[in-house]
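Notes follow once the structure below has been shown.
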Amino acid sequence: MNRLLDDLNPEQRAAVITTDGPLLVIAGAGSGKTRVLTRRLAYLLTERKATPYQLLAVTFTNKAAGEMRDRVAELMGGEIGGLQVSTFHSFCSRLLRREAVRIGYDNQFTVFDAGDSETVIKNSIKELGLAGTQFAPRAQMRKISDLKNKLVGATTYLSQAGGYFENATAKIYALYEKRLRECDAMDFDDLLVNSVLLLRDNPEVAKNWRERFRYLLVDEYQDTNHVQYLLLKYLLDSHNNICVVGDEDQSIYGWRGADIRNILDFERDYPGAKIIKLEQNYRSTHTILAAASGVIANNESRKGKTLWTALKGGDPLSLLITDSAEDEARHVVDIVVRRGETSRLSDMVILYRTNAQSRAFEEQLRRRNIPYQIVGGLAFYQRKEIKDLLAYLKLIVNPKDDISFNRVVNFPKRGIGDRTIEELTTIARASGSSLLETAGMANQHAPLGAKAKALMAFAGLIEKHRETADTKPVAVLVQDIVEELGLVQELLSEDKVTGQTKIENIETFIEGISEYSTHNPSSTLAQYLADISLFTDLDIYKEIENKITLMTIHSAKGLEYDTVFLVGLEEGIFPFERSIAEPKQIEEERRLFYVGATRARKKLYLTCAVMRHRFGAVDSIPSRFIRETPQELIEKIDFRRQGMYSLPSATQARPMQQPLPSQRPQEAGVHYVYEENETFHPGRVVHHPTFGRGRIVTTEGVGDSLKLEISFTGIGTKKIMARFAKLKVVG
DNA sequence: ATTCCCGACGTTTTT
DNA sequence: CGTCGGGAAT
């Protein structure tokens, strides 16, 4: 008998042993997908269909890739040398570093993260004289990214752009591309796009890679975009051995260019393709599955499948109806505490639509001393102190990286300000060299005058480290830099409190590098940077300590927990405001709900608030997804302070787009200023949640624009927008 | 060059 | 309410 197949159900087994030709595996939530993927790889190896070197498996996150590699290694007793299990991005990065010269890049090119890219876009907009409100850098970035993913280059777009706005975007796009090239840098999209272009324009290179890979395996196929689709086409030899695994109901990255048609049209793309559906769910109770299935059934873009489970019954869903975001958080945390008595915190997760929602929950958890961890949001590598250090490292590896140069040339302070940088930039552009190179020869350029010395010293510092970078471990190099720059003193002098946490972050960073080095003993600084630039918070996330986890639903894909809190179920939040008008986007929101709900093994809580602050007070309408859930599966718990005002029941049927007539609560108890301006006039004593007790000195404006000048005891006077501050009248 | 204060602005999800 | 960028003060 075969230990790789024995404990699989018939469909899973078929997905493992159907090795040749195109195969689509529709893997419902919790259907044992990872198990099938790893068994399939191990099966190909043990049956001698291919050597590890001839297999390519692609996933979306580094974490998933790492887990898959580990599990295959376990199945194979460790003999998987050369097996490529990687993300699309890291595979492309490796491909490009080998072939960079063919497309005019150095093989030590830098990868710009979203922040770096935005800086370049901003600079480009400014340089083109387009600065102003009508060209928001982020919107431009989105457009450029969309164009790239459609394989429309800057030159092409420039020639076909019509009208003022398209022309402006085309110019920004073109300049952005130019600057990226000058910096020897690529953005995330470029990794994919340049790989495809390289394979398209160099048939002999494409042939080499094609002949190498005998079997392709793609995870999360529903999230692939057009460029990724093309990449697979270029890598696929005439053997057509491609197996894609996915679930159209879990396609949640349409906004990033993912094309659900890739999975819906697979059979048309690959004639003769076989399809296997994994429909038995091993994760959730029957109740949870029925709830999720009931909601997703409202979608049209589906291949259709019927998930079933051998697990009968299960707790009903609990719907918590609360007054405000704060109340929502308080009641959720109450339940966390209660459940925490009998189960582990690490078995629970709070999932929200947007990162901004995490704050209220954090506050409550901190107040009650519950250990928690947040995944995503302000990612570790996005923190200023870490980005600054990384900029030093990037500059050491790539002297052309002007963005990193600008980031650190005056950090710590070296007396090099905007004027000097402007001058330096002009000289560098004229001579076609980078900022760092120009700085190194500053004494030859009269306009730099007295600043030449500081510039040359900086360039010398970078140069010195470049020479020794490969002779010592990366962690030691970073430690040396930190000491040489006097960063500890520098950060402490800025601000004692935040400086201390920054120092701790730097220590964590250095520890992380050490750990990386033990796993990759012969790795150079350049290799470290190449890897690290593709890492995200999610990849570092470990479920080790007994902490409750908070994250967005997007981040939770692929994970599972006993207890799941799906919060903020209100129209405008979830489904998100911007998606409400478009049926296609509503379907994606619905899939997101489906992903969130199916993370739960045993118990699912849904919560909503009736009032939520978003630029002032707004009445919230319960999410349509609550209404779409089979009502008999829901147990309603109403935490609203009864009798003060009435809102329709959360589940009452109502035409979707019709907002309720606004009903202002006639509240007793807490006084929110924006509702009762007349209570606030000079002399009144009020209480502010962060500043404490204070006396109103002056008032200005009325209604939403009411501004108060308040003298707080021991803090001094502060001007406060009454609309936002939660002030309580004390006397 | 740097710092500090003010007003404008904002909020989706991420490799 | 936060954060960020611009502009004036030092």
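Model, not experiment: these values are computed from the prediction. Letters A, B, ... are given to chains in the order of the sequence lines, protein chains preceding strands, and every chain is numbered from 1.
- Here B/dT14 presents its P atom at 13 Å from CD1 of A/Ile374, a figure rounded to the nearest Å.
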Below 3.5 Å between N/O atoms, which protein atoms pair up with nucleotides 4-6 of chain C? Just atom names and distances, please.
{"unit_1": "C/dG5", "atom_1": "OP1", "unit_2": "A/Lys122", "atom_2": "NZ", "d": "3.1"}

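- Separating the CG atom of A/Leu192 from the C1' atom of B/dT15 is a distance of 8 Å, rounded to the nearest angstrom.
- Among the nucleotides B/dT14, B/dT12, B/dT2, the one closest to the side chain of A/Lys413 is B/dT2.
- Applying the ring pair (Phe, Tyr, Trp, His ring centres under 6.0 Å) rule to A/Tyr528 yields the partners A/Tyr516; only residues at least two apart in sequence or on another chain are considered.
- Under the side-chain contact (heavy atoms from CB on, under 4.5 Å) criterion, A/Ala526 pairs with A/Gln108, A/Val397, A/Thr524, sequence neighbours left out.
- Using a 4.0 Å heavy-atom distance criterion, A/Phe188 is classed as a base contact.
- Within the 4.0 angstrom heavy-atom criterion, no nucleotide atom of any strand lies near A/Asn62.
- Side-chain proximity of A/Arg256 to B/dT13, B/dT12, B/dT15: nearest is B/dT15.
- Contacts of A/Tyr221 classified as ring pair (Phe, Tyr, Trp, His ring centres under 6.0 Å), with partners at least two apart in sequence or in another chain: A/Phe266.
- At a threshold of 4.0 angstrom between heavy atoms, the contacts of A/Arg578 include nucleobase atoms, whether or not backbone atoms are also involved.
- In terms of the side-chain contact (heavy atoms from CB on, under 4.5 Å) criterion, residue partners of A/Thr119 (sequence neighbours excluded) are, by chain and number, A/Asn123, A/Ile403.
- Checking A/Glu589 against A/Asn410, the closest nucleotide of DNA chain B that is more toward the 5' end is the one next to A/Asn410.
- A/Asn225 has its CG atom 20 Å from the P atom of B/dT13, to the nearest Å.
- Residue contacts shown for A/Ser555 are limited to sugar-phosphate atoms, with no base heavy atom under 4.0 Å away.
- The base of B/dT12 has none of its N or O atoms less than 3.5 Å from a complementary donor or acceptor on the side chain of A/Trp255.
- Toward the 5′ end of DNA chain B lies the nearest nucleotide of A/Ala356, the other residue of the pair A/Phe60 and A/Ala356 mapping further downstream.
- Annotation: ring pair (Phe, Tyr, Trp, His ring centres under 6.0 Å) contacts of A/Phe593 (sequence neighbours excluded): A/Phe625.
- Note on A/Ser579: every side-chain N or O is 4.0 Å or more away from OP1 and OP2 of B/dT12.
- Ring centroids of A/Tyr253 and A/His554 are separated by less than 6.0 Å, placing the two rings close together.
- For B/dA1, one of the phosphate oxygens OP1 or OP2 lies less than 4.0 angstrom from a side-chain nitrogen or oxygen of A/Thr420.
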